[in-house]
Structure formats: structure tokens, C-alpha cells
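What follows is a short report on a single structure.
Every value quoted in this text rests on a predicted model; they were computed, and no experiment measured them. Note that the numbering runs from 1 along the sequence shown for the chain. Values reported hereafter were calculated over all heavy atoms of this structure, with side chains retained and with hydrogens, waters and symmetry mates removed.
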Amino acid sequence: MPFDADAPTPARLFEQVVALCGLSALLGPGMVRRALRDSGVARPEDAAPDDYRDALTMLHARLEAYMTPDEAAARVRRIRALLEPASRPGGAAPPNVRK
């Protein structure tokens, strides 16, 4: 995979995914780490966009424990959009992060 100077660092990507989950600072990071580990990522702190894509099913299931299925699905769609910058026309900015 070629180097992308605009790609977020693993730490920044983790922060963005946690924010898009919309959970508290107490719950969000641990939930994302567990979803990554459950999908086979040995070191969640080094996770790449592909790792998050692989973990989306686990993440969705975990989100449904805290919110309605519709809200969980909407949050997963926002995370998926964050992970797919090439699919955004004209390199548009990622979706707004709402808590």
C-alpha cells in the first residue's frame, strides 16, 4: 500500500472512530479496542483502516448494546465513510463527528 501523507496516524484514526461511536470517554475507547481484538487485531493501537473495516461487524454489535439498532447502523455508516476517503467525491472532508 503506498504511503499517504494525508492519512491519519493510527492514534488519530482511533480517536476519530471512538468519537463517531458517540459513547462516553469512559466506554468508547475500550469498546473499540475490544471490537478490534475480537476481529483479530493483535495491537489495536496500531490498527489501520483495513483493520477497522474488518471490525465493523463487531463494532456494530457492541454499539447496539448502548443504542437503538438504527442509531448503531447510522454510526457504523459514518465510520465506514471515514474509512473510505477514496469514495468521497473530490476528496471531501470526512463526516462530522457528533457525540
Side-chain angles (χ1 to χ4, degrees):
M1 180 157 98
F3 175 73
D4 181 355
D6 295 327
T9 64
R12 179 67 182 132
L13 183 58
F14 180 81
E15 290 170 5
Q16 290 174 316
V17 170
V18 168
L20 287 170
C21 286
L23 299 177
S24 72
L26 181 65
L27 293 174
M31 188 201 65
V32 172
R33 279 188 204 97
R34 285 187 298 278
L36 286 164
R37 284 192 185 112
D38 288 351
S39 69
V41 177
R43 295 178 43 94
E45 63 274 12
D46 295 330
D50 284 343
D51 297 321
Y52 287 96
R53 281 185 209 98
D54 292 345
L56 282 175
T57 301
M58 296 288 193
L59 197 55
H60 190 182
R62 290 178 183 279
L63 284 170
E64 285 187 340
Y66 298 98
M67 59 192 65
T68 67
D70 288 343
E71 180 64 18
R75 292 194 176 275
V76 168
R77 282 192 300 274
R78 289 184 199 121
I79 294 167
R80 190 181 318 273
L82 171 72
L83 300 172
E84 301 292 343
S87 70
R88 291 193 298 263
N96 289 333
V97 174
R98 286 189 248 160
K99 287 190 174 188

Could you list the residues that satisfy side chain to side chain contact (heavy atoms under 4.5 Å, CB included) with Arg34, not counting sequence neighbours?
Met31, Arg62
What distance separates Thr9 OG1 from Glu45 CD, expressed to the nearest 0.5 Å?
12.5 Å
Taking Met58 as the starting point, is it possible to reach Tyr52 by hopping between hydrophobic residues whose side chains are less than 4.5 Å apart?
no
His60 to Ala72 - nearest heavy-atom pair and separation
CD2-CB, 3.6 Å
From Asp70 atom CG to Glu64 atom CD, the distance as rounded to the nearest 0.5 Å:
9.0 Å
Please examine the side chains of Phe14 and Pro8, heavy atoms only from C-beta on, and report whether any two atoms are closer than 4.5 Å.
no
Any chance you could lay out the side-chain contact (heavy atoms from CB on, under 4.5 Å) test for Leu83 and Leu13, step after step, and finish with the verdict?
CA-CA 9 Å; Leu83 300 172; Leu13 183 58; 4.0 Å; yes
Approximate separation, where rounding is to 0.5 Å, of Asp51 CG and Leu56 CG:
11.0 Å
When rounded to the nearest 0.5 angstrom, what distance separates CG in Leu63 from CG in Leu59?
5.0 Å
In terms of heavy-atom contacts, Arg33 and Pro44 come closest through O-CG, 3.9 Å
Shortest non-hydrogen contact from Gly28 to Val18?
C-CG1, 4.0 Å
Value for CG (Leu82) from CZ (Arg53), rounded to nearest 0.5 Å, stands at 9.5 Å
Scanning both residues in full, the closest heavy-atom pair of Ala55 with Ala35 reads CB-O, 3.8 Å
Rounded to the nearest 0.5 angstrom, the CE-CG distance for Met67 and Leu23 is 4.5 Å
Between Ala47 and Pro10, which heavy-atom pair has the shortest distance, and what is it?
O-CB, 3.8 Å
